[in-house]
Structure formats: structure tokens, C-alpha cells
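Everything below concerns the one structure shown next.
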There are 2 protein chains.
Amino acid sequence: MGSSRPGTQSLQSRTYRALRRSILDGDFVPGRAVTIRGIAEDLGISPTSVREALRRLVAERALILSATGRVSVPVMTREKLAELVNARICLERQAAIDAVPGITDRVVSRLVRLNRAIDRAIEAGDHRRYLVTHRDFHFTLYRVGGGEVFLPLIESVWLQISPFLRYTLSGEHRSRYSTSDRHVEIIEALERRDATALGFAVEADIRHGIGALIESDWNRPDDAAAGPNTAGIRTADRESG
Amino acid sequence: MGSSRPGTQSLQSRTYRALRRSILDGDFVPGRAVTIRGIAEDLGISPTSVREALRRLVAERALILSATGRVSVPVMTREKLAELVNARICLERQAAIDAVPGITDRVVSRLVRLNRAIDRAIEAGDHRRYLVTHRDFHFTLYRVGGGEVFLPLIESVWLQISPFLRYTLSGEHRSRYSTSDRHVEIIEALERRDATALGFAVEADIRHGIGALIESDWNRPDDAAAGPNTAGIRTADRESG
DNA sequence: AGCAATTATTTGTGATCACAAATTCCTGTC
DNA sequence: GACAGGAATTTGTGATCACAAATAATTGCT
């Protein structure tokens with residue numbers, strides 16, 4: 001079909017993954033307009049696949065569709081952020097608890113390793129690396145409990161938070177972040193296979209990690225009104241991490 | 001754009017809504033293959049819009065995309081159903097609790113009215129009417145708490161359960177269903193504005209309503225292998241209910 | 001200069017088409 | 001009759017195009 005060699009995924013799917021990754025990595029500025037043709041040109045492909053990729057991201061609430069059919073990166077509101085935090089707590093606590101029966105020492109040691117990588121990224125001030133490793137830590141845990149149901153739901157919530165998270169890691173916010181402390185609690189609960197403690201640790205991690213921003217001056221002067229996209233969508237095509 | 005008069009929604013969006021409604025109403029049999037061209041012919045439109053509508057439903061996990069690009073109605077497994085029930089409990093308990101501050105007597109009386117409509121539908125043996133009113137009852141409650149975050153997540157879970165629910169209302173299963181009893185508990189908790197009791201009532205409603213099926217002989221001989229779609233997709237285009 | 005009206009451009013929409021992969025149907029063989 | 005092999009059909013994919021709505025740019029007027 002089309003022009004794909006066997007083994008190669010569809011162009012639309014690769015486009016989707018590239019865009020999603022860019023969103024998760026914080027390359028999409030809230031408020032910016034995203035045009036089909038703009039991305040199609042950046043990627044050197046026809047608008048067809050881009051349209052489908054964008055619509056998929058709209059369906060996952062990573063992007064929003066205006067009444068006139070225009071796609072853009074959603075702007076965060078306090079109410080929405082509070083709801084997203086609630087959703088994260090609901091879903092991720094349950095996903096973590098569901099993971100407990102499947103936890104092995106191997107998984108725990110991997111989480112310990114990822115946690116060290118997170119600390120290194122924070123110390124080095126490497127935003128992107130922090131986001132990647134932090135994401136990897138959480139999803140490594142949630143993946144243990146199986147979950148063709150919970151994971152997509154959680155991913156949708158992360159996609160909605162990610163464009164906003166960009167702010168948390170740039171500038172003065174970074175110093176307030178001691179996320180890894182809570183990760184240690186998570187790891188300790190896992191070592192004891194203590195589901196209840198794990199649930200509280202996950203909730204605390206989320207609440208302290210993001211919830212703190214609700215009351216802070218996060219609504220900084222927008223670089224949102226900036227021009228059209230070209231946000232450096234990296235086409236690198238690896239399985240989601 | 002295209003050929004739509006102003007005020008009319010896009011064809012793709014109407015197609016999506018029609019398909020989603022059919023899924024929620026139980027017209028889609030698990031395992032059945034859904035083809036782009038098939039639906040396009042049924043609806044008398046070009047494949048383009050249908051493809052986008054289908055992909056959106058795939059993104060929402062209402063349908064699944066095989067490795068070869070084929071779209072079909074997912075087949076339920078015990079594990080997945082257990083996960084879906086867990087997800088419903090997580091999300092809907094929270095959504096209900098979030099609704100409590102916004103509950104008015106007017107909402108409560110509407111729920112009472114809907115609950116009576118559900119009972120009537122059960123007595124009359126009207127499956128479709130039962131599904132519609134039952135859905136209306138739950139989402140009327142969840143909508144009170146605002147929620148541009150929780151509602152889409154809950155809708156995704158409902159879409160995943162719906163094709164399976166078709167079984168619960170046909171044949172011998174119906175007699176076991178006394179869903180409305182739990183709805184009364186929900187209403188009583190709402191009248192007292194008792195968030196904690198409400199949470200338990202919602203959980204009980206979900207667990208008893210669907211959870212009972214996990215242990216029952218729900219995996220009846222499939223009419224799944226039946227021919228291509230043409231499942232009577234009703235094109236009626238009203239705002240989602 | 002400030003603002004409204006008009007023109008030009010951009011952008012989403014949906015149809016059509018060519019192509020190749022996947023599926024189905026038919027046939028021939030054992 | 002069951003099954004493998006091959007032709008015919010179906011199906012998804014992605015590009016291209018015409019069109020109209022929406023946005024941006026320009027012009028003209030006060």
C-alpha cells in the first residue's frame with residue numbers, strides 16, 4: 001500500500017510518533033497554531049498523513065481543534081491543571097498498585113538506575129534528558145501491570161500536561177524541584193511490595209511535583225503568540241519510551 | 001470548506017458521531033471487521049472522511065487497528081474487562097465526587113427522572129432505550145463537575161466496554177440486572193451531598209453492574225464472524241448525549 | 001495616523017486516483 | 001474431500017486537486 005516497504009510502519013504513524021514525541025519533550029509552546037501544510041513541508045511529505053496524525057493527537061487531547069478547524073497547542077488553565085493532576089493521581093495510583101504483583105527485583109533495580117539518571121539530568125540542567133528519564137521511570141512502573149487500558153489513558157493525560165511542563169523546567173522553577181525524593185519513596189514501597197504505601201508515594205510524587213505549580217506564578221508572559229510552528233519536530237522514529 | 005454550508009459541522013465529524021453512537025448503542029459486534037469503503041458506501045460519502053472518523057475511534061480505543069491496517073471491533077478478554085472496570089471505578093468515582101459541590105436540587109430531580117426512565121426501559125425490555133438512558137444518567141452526573149479532562153477519559157472507557165455490553169442486555173443476562181438499585185444509592189448520597197457515600201455508591205454500581213459478568217459465562221458463541229459491517233449506522237446527527 | 005472595506009493568501013475539507021499489500025476466491029492436485 | 005498454489009478482488013495508503021472558508025495584507029477614505 002502507498003509506498004511503504006514491508007516492515008516499515010505507515011507514514012501517518014511515524015508522523016504521529018514524531019509529533020507526539022515533540023509534544024512530550026516540550027517542544028510545543030502552548031497557544032501556538034499548528035498547520036497541516038506547515039508540518040507537511042517541514043517533514044517533506046504530503047498533507048494527508050499529517051492531517052491524520054494531527055487528528056489523532058486531537059483525539060488524545062494533546063492538541064485542540066478550534067471551531068474553524070484550526071489545530072493548536074492548548075493553553076493551560078488553573079482549573080484544567082487541577083483536573084489533570086486529579087486524573088494523574090487516580091490513574092497512576094491504580095496503575096502502580098496493579099503493578100505490584102508483577103514487580104521483580106530486576107524492575108526495581110531498573111527504576112533505581114533510572115532514578116539516578118534523573119538526578120544526573122537535573123544536576124546537569126539537561127531539560128530534555130530529565131523529561132525523557134522521568135517519563136521512562138513512571139511508565140516503566142506502570143507497564144508492569146500489563147494494561148492496554150490504563151496506559152493509553154495515562155498517556156493522554158501526560159500529553160495534555162507536557163506542553164505546560166516546559167515552563168517548570170526552565171528558569172526559576174527548576175530549583176524547587178526535588179522530584180526524585182518522592183521517587184525514592186516509590187522505590188522503597190516497591191521493595192517492600194507494599195501496595196498501600198506505593199499508592200500514597202505515587203500520589204505524593206504527583207501532587208508535589210506538579211501541584212506546587214498551581215499556586216505559583218506559572219502564568220508567565222507568553223512566548224505563545226510566536227509565529228507558525230517549525231518547532232523542530234524530530235523525525236527520529238523509535239518506539240515510544 | 002469542502003462543501004459544507006456554514007453552521008454545518010464537518011462531514012468527518014458527523015461520521016465520527018454517527019459511528020460512535022452506533023458503538024455506544026451496541027450495534028457493533030465484537031470481532032467484526034470494519035472497512036473504510038464499506039462504511040463510505042453505506043453513508044454515500046467518499047472514503048476520506050470515513051478514514052478520519054475511524055482513526056479517531058481507534059485513537060479513543062473504541063476500535064482497534066490490526067498490524068495490516070485493518071480496523072475492527074475489539075474482542076473482550078477477561079483481563080481487559082477487569083481493567084476497564086477498574087478504570088471506570090477510578091475515573092467515575094472521582095468525577096462523581098468532583099460533581100458534589102455543583103449539585104443542585106434540579107440536577108437531583110433530573111437524575112430521579114432518568115432513573116425512572118431506566119426502570120421503564122428495563123421493564124419494557126427495550127435494550128436501546130436502556131443504554132441511552134443509563135448513559136444519560138451517568139454522564140449527567142459527571143458533567144456537573146465541569147471536566148474537559150475527566151469526561152473524555154470516561155467516554156473512552158465506555159466506548160471500549162460498549163460493544164461487549166450488548167451481550168449483557170440480550171437474553172438471560174437481563175434478569176440479573178437490577179442496576180437501578182445502585183442508582184438509588186447514588187441519588188440518596190447526592191441528596192445528602194455526601195461525597196464519601198457517593199464514591200462508594202458509584203463504585204458499587206459499576207462493580208455490581210459489570211463486574212458480575214466477569215465470572216459469568218459471557219463468552220457466548222460468537223456471531224462475530226458475520227459478514228462485513230452495514231450494522232445500521234444511524235446518521236442522525238445530534239449532539240452527543 | 002486610524003480604521004473600515006477589499007483583495008490576496010493561507011488553510012482545512014473532501015473527492016479522486018494509482019499503487020501495492022492483504023485477502024478472498026477459484027482451481028488443480030493428491 | 002482436503003489442501004496448496006495462483007489469479008482476481010478488496011482494501012488501506014498517501015499524493016494531488018478543486019473549492020470555500022478563514023486569515024492576512026493591502027488599499028482607500030476620513
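Distance CG (A/Leu43) to C1' (D/dA15): 15 Å, rounded to an integer number of Å. Atom CZ of A/Arg70 and atom C1' of D/dA20 are 14 Å apart (whole Å). When rounded to the nearest whole Å, the span between CZ of A/Arg37 and P of C/dT9 equals 15 Å. Atom P of nucleotide C/dG12 and atom CG of B/Leu11 are separated by 18 Å, given to the nearest angstrom. The CZ-P distance, from A/Arg56 to D/dG14, rounds to 13 Å in whole Å. In this structure, the CD atom of A/Gln9 is 12 Å from the P atom of D/dT13, given to the nearest Å. Distance OH (B/Tyr16) to P (C/dG14): 16 Å, rounded to an integer number of Å. Between A/Ile36 atom CD1 and D/dA22 atom C1' there is a gap of 14 Å when expressed in whole angstrom units.
Distances shown here put every side-chain N or O of A/Arg14 at or beyond 4.0 Å from the OP1 or OP2 atom of D/dT13.
Taking CD1 of B/Ile39 as the start and OG1 of B/Thr15 as the end, the distance is 9.0 Å to the nearest 0.5 Å.
Applying the 3.5 Å distance criterion, the base of C/dA15 shares a donor-acceptor pair with the side chain of B/Thr48. Looking at A/Arg51, its side chain has no donor and acceptor atom pair within 3.5 Å of the base of C/dG12.
Between A/Tyr130 and A/His134, the ring planes lie parallel to each other; the angle is under 30°, not in the 30° to 60° tilted range.
With hydrogens and angles disregarded, no donor-acceptor distance shorter than 3.5 Å links the side chain of A/Ser72 to the backbone of A/Gly31.
Of the candidates C/dA15, D/dT23, C/dT13, the closest approach to any side-chain atom of A/Thr68 belongs to D/dT23. Ranking C/dG14, D/dG12, C/dA15 by closeness to the B/Ile45 side chain, first place goes to C/dA15.
At the heavy-atom level, B/Ser49 lies under 4.0 Å from the strands shown only through sugar-phosphate atoms. Among the protein residues, A/Gln12 comes within range of the sugar-phosphate backbone only, with heavy atoms under 4.0 Å from sugar or phosphate atoms but none that close to a base.
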Walk me through it: do A/Asp27 and A/Arg32 pass the test salt bridge (charged side-chain N to carboxylate O under 4.0 Å, His left out)?
CA-CA 11 Å; A/Asp27 292 331; A/Arg32 181 201 288 131; over 6 Å; no
I'd like to know whether A/Glu155 forms a salt bridge (charged side-chain N to carboxylate O under 4.0 Å, His left out) with A/Arg20, so could you lay out the CA-CA distance, the side-chain angles of the two residues, the decisive distance to 0.1 Å, and finally the verdict.
CA-CA 10 Å; A/Glu155 277 175 12; A/Arg20 190 179 75 149; 3.0 Å; yes
